[in-house]
There are 2 protein chains.
Amino acid sequence: PASGRLAAMATQCVQAVGAAGADAKIAKGTRDYGPQEMRVREPVFAAIRSVFKRHGAVEIDTPVFEHRDTLTGKYGEEGAKLIYHLADQGGQLLSLRYDLTVPFARFVASHGLDKIKRFHIARVYRRDQPQMTRGRYREFYQCDFDIAGSHALMVPDAEVISVACEILGSLPIGDFQFKLNHRGVLDGCLELAGVPSGKVRTVCSSIDKLDKEPWADVREELVGEKGVSPDVADAIGRLVQRRGEPMALLAELESTSVFSGSDKATSALAELRVLFGYLEALGCLHRISLDLSLARGLDYYSGVIYEAVLLDGAVAVGSIAAGGRYDSLVGMFSASGAKVPCVGVSIGIERVFAIVEAKARAADAATKALSRPPVDVFVAAAGGGVPLVERLRLCKELWAAGVRAETPFKEKLERRWLENALEAGYPYMCLLGESELAEGKVTVKDIANTEQVTVDRADLVATLSRFGVPVDAME
Amino acid sequence: PASGRLAAMATQCVQAVGAAGADAKIAKGTRDYGPQEMRVREPVFAAIRSVFKRHGAVEIDTPVFEHRDTLTGKYGEEGAKLIYHLADQGGQLLSLRYDLTVPFARFVASHGLDKIKRFHIARVYRRDQPQMTRGRYREFYQCDFDIAGSHALMVPDAEVISVACEILGSLPIGDFQFKLNHRGVLDGCLELAGVPSGKVRTVCSSIDKLDKEPWADVREELVGEKGVSPDVADAIGRLVQRRGEPMALLAELESTSVFSGSDKATSALAELRVLFGYLEALGCLHRISLDLSLARGLDYYSGVIYEAVLLDGAVAVGSIAAGGRYDSLVGMFSASGAKVPCVGVSIGIERVFAIVEAKARAADAATKALSRPPVDVFVAAAGGGVPLVERLRLCKELWAAGVRAETPFKEKLERRWLENALEAGYPYMCLLGESELAEGKVTVKDIANTEQVTVDRADLVATLSRFGVPVDAME
């Protein structure tokens, strides 16, 4: 009992310390986005939206939490452990979304759609071990593009990959490659190697580690932990370690009849041939590496699967985009069981930002673009006789005309405010002196061009506009 | 034991039924935003951002969940019950944000800021009784604008109110009014009426209901449930039921010396006089009604408080914007206890959308603006001899030039596809026939102007651009 009491006291101490320090802290694995981060992110999001819209995708949004049942059984052995659950507060059992794909399938079923091409930019939640420096968070943005509906074979698949290539190719992140495989080919590999059907999923989740671990380690896991016989493991190794230029590898696989014993694999290879033809027409076949070891851990994939990685070895951020075909997921949510085939891609934008932000910060040291003032016009008073309320009145005139403007919230403007404003880099200034105020005039300064003019208040906005100040600025 | 087993079976049945039906359903009180809703919302958000930026605010974002300690004790008696908690999955105790104000104060403290003018557009979470038709959800957007830092008295308060007026005034929601009060005036009312200090908070939360309930009901609650003596209740009633045009009511309160017995109230009235002067200069004093019954349920307010309501009685959506001054909140999160005074406003945009969406839908019946095709160019083939891959190749050329384009994912395009495209309202069409394909040409149609021209493929983008198609479209 004494040791019990001690343990309880120790727990209380730890809780007290935790509580005292926790208040100003942020939840583990999450981050704030300050003004500078937002300035970097905003144009990247805008560029991504613009590509999505160019391809005719419409935007949707879904709730951040879903019924727990909607999410369970969709993310494989590893994923299931990482879902955030809400406390049962006497209502429904809810969980935070783990990705945007399952909510999308639920959306398609809920609204009884038979086709849609949509994009969705939103945050998802995973109770993973955060690695902030590598852009790995527990709360992070995904930018998803998906095509639902029955369409000509492999055409939506090709467009989805092409959209991802357009986006990644437009970002300053260096060269990248799509590793691509087909669930039918992978199933064929396991079938031919003699993996019993009950072990297919667990074997897949070992193979999935081949991007991070050498074959020897994966083989050991298969034989040692998962009870696969050494012969079967070696057969798996021979099959799944093939990778290379898509057309050449496809020709080799077909000519050597490696997969002739598996109908699944044979028909998957035929689909890949069609896909590669379209990817060639869309100018992105050179980005593809056919990689028979790619497994993708999620349960819902049913056809082609892919994952983009950066080729610049210096930046170890893992995959920066991933996706695949999932033809049965919508049917799982549909009351009538109606199947709506789908294919999509998710841009792992957080990892992209980890790279873009570092570059922007480096550039900012020179250009100060990230720390420029947030408005175009600084409103100042010359001399002590102009009260703050008159500066506000002037701001009001500018705001009403859509001009971005601000004035310091100080009764008296000392000389150093003017100096600070010049140093901060405001491009324009409006100056009110006592005589200007009496005569209904104002002085406008174009700071970069050291030009200045005193005009009637009624002509202020027109003057600023002539100087190049954005007026009626939307954004 | 038999009845126990029966109860257990009944529970299982209920759970099974729940699970079967729940899959395609959305969590209670939440909603999907489909393409049409997003089309309505996007320009509204853009307009709001534009006003925030015009006033020099920078954008931030914070995580959707915070440490539970960060949120507790900030939202009053009623609010505390409505916070969504995350399940304790062997980590920290976390809760979903209830508003954007407390996370903002935590942000200011976490980053050691002494001033910032920021906006934040994001979703917040309240386990309230949803009333969807009135725009009341459990997950909903707020658009917040706040000014932190020590500034000239009441100037930031005036700018915050002015920003809210600019935004609400620019939205098609009809006339609105800001009810405004000061916590110091309210405290003075309770002090003068003789409310014991231990009952101040609970009395305030009754007074807060005066916007929905008549005084007689509130009085009954005070006397019957909260143990306030009838005399004290009547004294409260006489004081807090005053409302009216700000300058006139202020003059009346000052001349009749109603509050001369309360230092708190007297100094609050002096602050209001300063505020009204600035609001007059900013052109929005006519929007204000000084209303001594306004209490605002939240714990953190310390000065002026306000709440905007629509004046068109037909639309009962409750308050559409609200805020106030909270000078002690940042200090609660700061390790050094450093105080950073703050004032802000939150636009309850969901209620605004409930109105805007209804109007947009009504207008759409005539204009079809919401259901127009998502791209500018429809790519089609004339005759059966042009394979789908050639249409894709043409799309690729358009996408690469930043043109919004799409083609049906069908091997063969029947005549009805062309008819459908015309009916859907695509403004432009690119047509590939066999002879065009052979000669490296393409036909471009301007559908509205029934104009068409056949050009070299190399001149396609220039031709579209001349026709008025947006090229290199960012958004």
Side-chain angles (χ1 to χ4, degrees), chain A residues 19 22-28 30 32-35 38 46 49-50 53-54 56 58-67 69-70 84-87 92 94 106-107 109-110 139 151-152 155-156 277-278 281-283 333 335 374-375 388-389 392-393 396 399 404 406 409-411 473-475, chain B residues 19 22-28 30 32-35 38 46 49-50 53-54 56 58-67 69-70 84-87 89 92 94 106-107 109-110 139 151-152 155-156 278 281-283 333 335 374-375 388-389 392-393 396 399 404 406 409-411 473-475:
Chain A
D23 275 7
K25 285 210 199 104
I26 192 164
K28 184 176 176 190
T30 67
D32 288 325
Y33 301 104
M38 294 298 275
R49 290 176 116 78
S50 144
K53 288 187 172 183
R54 195 182 295 163
V58 292
E59 187 165 11
I60 71 160
D61 201 1
T62 65
V64 80
F65 46 69
E66 295 276 350
H67 283 283
D69 291 343
T70 300
Y84 274 100
H85 298 312
L86 266 72
Q92 305 161 318
L94 303 171
R106 197 270 309 145
F107 177 94
S110 295
E139 176 188 54
H151 297 293
V155 179
Y278 290 131
L282 292 174
F333 299 119
V375 297
L388 169 48
V389 70
L392 286 181
R393 226 181 274 279
K396 171 66 188 173
W399 292 331
R404 289 186 285 244
E406 65 181 357
F409 291 161
K410 293 280 163 199
E411 286 295 348
M474 290 293 290
E475 289 289 286
Chain B
D23 277 8
K25 288 210 199 102
I26 194 163
K28 184 177 176 187
T30 67
D32 290 324
Y33 301 105
M38 293 299 274
R49 289 175 118 78
S50 144
K53 288 186 173 183
R54 195 183 294 164
V58 292
E59 188 166 11
I60 71 159
D61 201 2
T62 64
V64 80
F65 46 69
E66 296 277 350
H67 283 283
D69 291 343
T70 300
Y84 274 100
H85 299 312
L86 267 70
Q89 289 171 280
Q92 306 160 317
L94 303 171
R106 197 271 306 145
F107 176 96
S110 296
E139 176 188 54
H151 297 293
V155 180
Y278 290 130
L282 292 174
F333 299 119
V375 297
L388 169 49
V389 70
L392 286 181
R393 226 181 276 278
K396 170 69 189 171
W399 293 331
R404 289 187 284 245
E406 66 181 354
F409 291 161
K410 293 281 164 197
E411 286 296 347
M474 290 291 292
E475 287 289 285

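This one's a predicted model, so the numbers in the text were calculated from it and none came from an experiment. Below, chains carry the letters A, B, ... as their sequence lines are ordered, and counting in each starts from 1.
- Heavy atoms only, all atoms of each residue included: Y33(A) and F107(B) are closest at O-CE1, 4.2 Å.
- Taking CD of E66(B) as the reference point, atom CD1 of I26(A) lies at 6.0 Å (rounded to 0.5 Å).
- When heavy atoms are compared at a cutoff of 4.5 Å, E411(A) approaches chain B by way of both its backbone and its side chain.
- Of all the heavy atoms in L388(B) and A152(A), the pair that sits closest is CD2-CB, 3.7 Å.
- Interatomic distance, CG of L282(A) versus CH2 of W399(B), reported as 6.0 Å (0.5 Å rounding).
- The greatest number of non-hydrogen atom pairs below 4.5 Å with chain B, out of D32(A), V375(A), V389(A), T62(A), is found for D32(A).
- No side-chain donor-acceptor contact under 3.5 Å links Q92(B) to the backbone of A27(A).
- Within the 4.5 Å cutoff, side-chain heavy atoms of V155(B) are placed close to those of L392(A).
- No other option in A109(B), G283(B), P156(B) has as many heavy-atom pairs under 4.5 Å with chain A as P156(B).
- In this structure, F409(B) and H151(A) have perpendicular ring planes: the angle between them is above 60°, well past the 30° mark.
- Summarising the geometry, atom NZ belonging to K28(B) is positioned 11.0 Å from atom CG belonging to L94(A); distances are rounded to the nearest 0.5 Å.
- Here the closest non-hydrogen pair linking P374(A) and G56(B) is CG-O, 3.3 Å.
- Among the candidates L86(B), V64(B), D61(B), the residue making the largest number of heavy-atom pairs closer than 4.5 Å to chain A is D61(B).
- If you measure heavy-atom distances from E59(B) to chain A, the contacts under 4.5 Å come from both the backbone and the side chain.
- Between chain B and the options K410(A), H85(A), E406(A), the largest number of non-hydrogen pairs under 4.5 Å is found for H85(A).
- Closest approach of K25(A) to H67(B), counting heavy atoms only: O-CD2, 3.3 Å.
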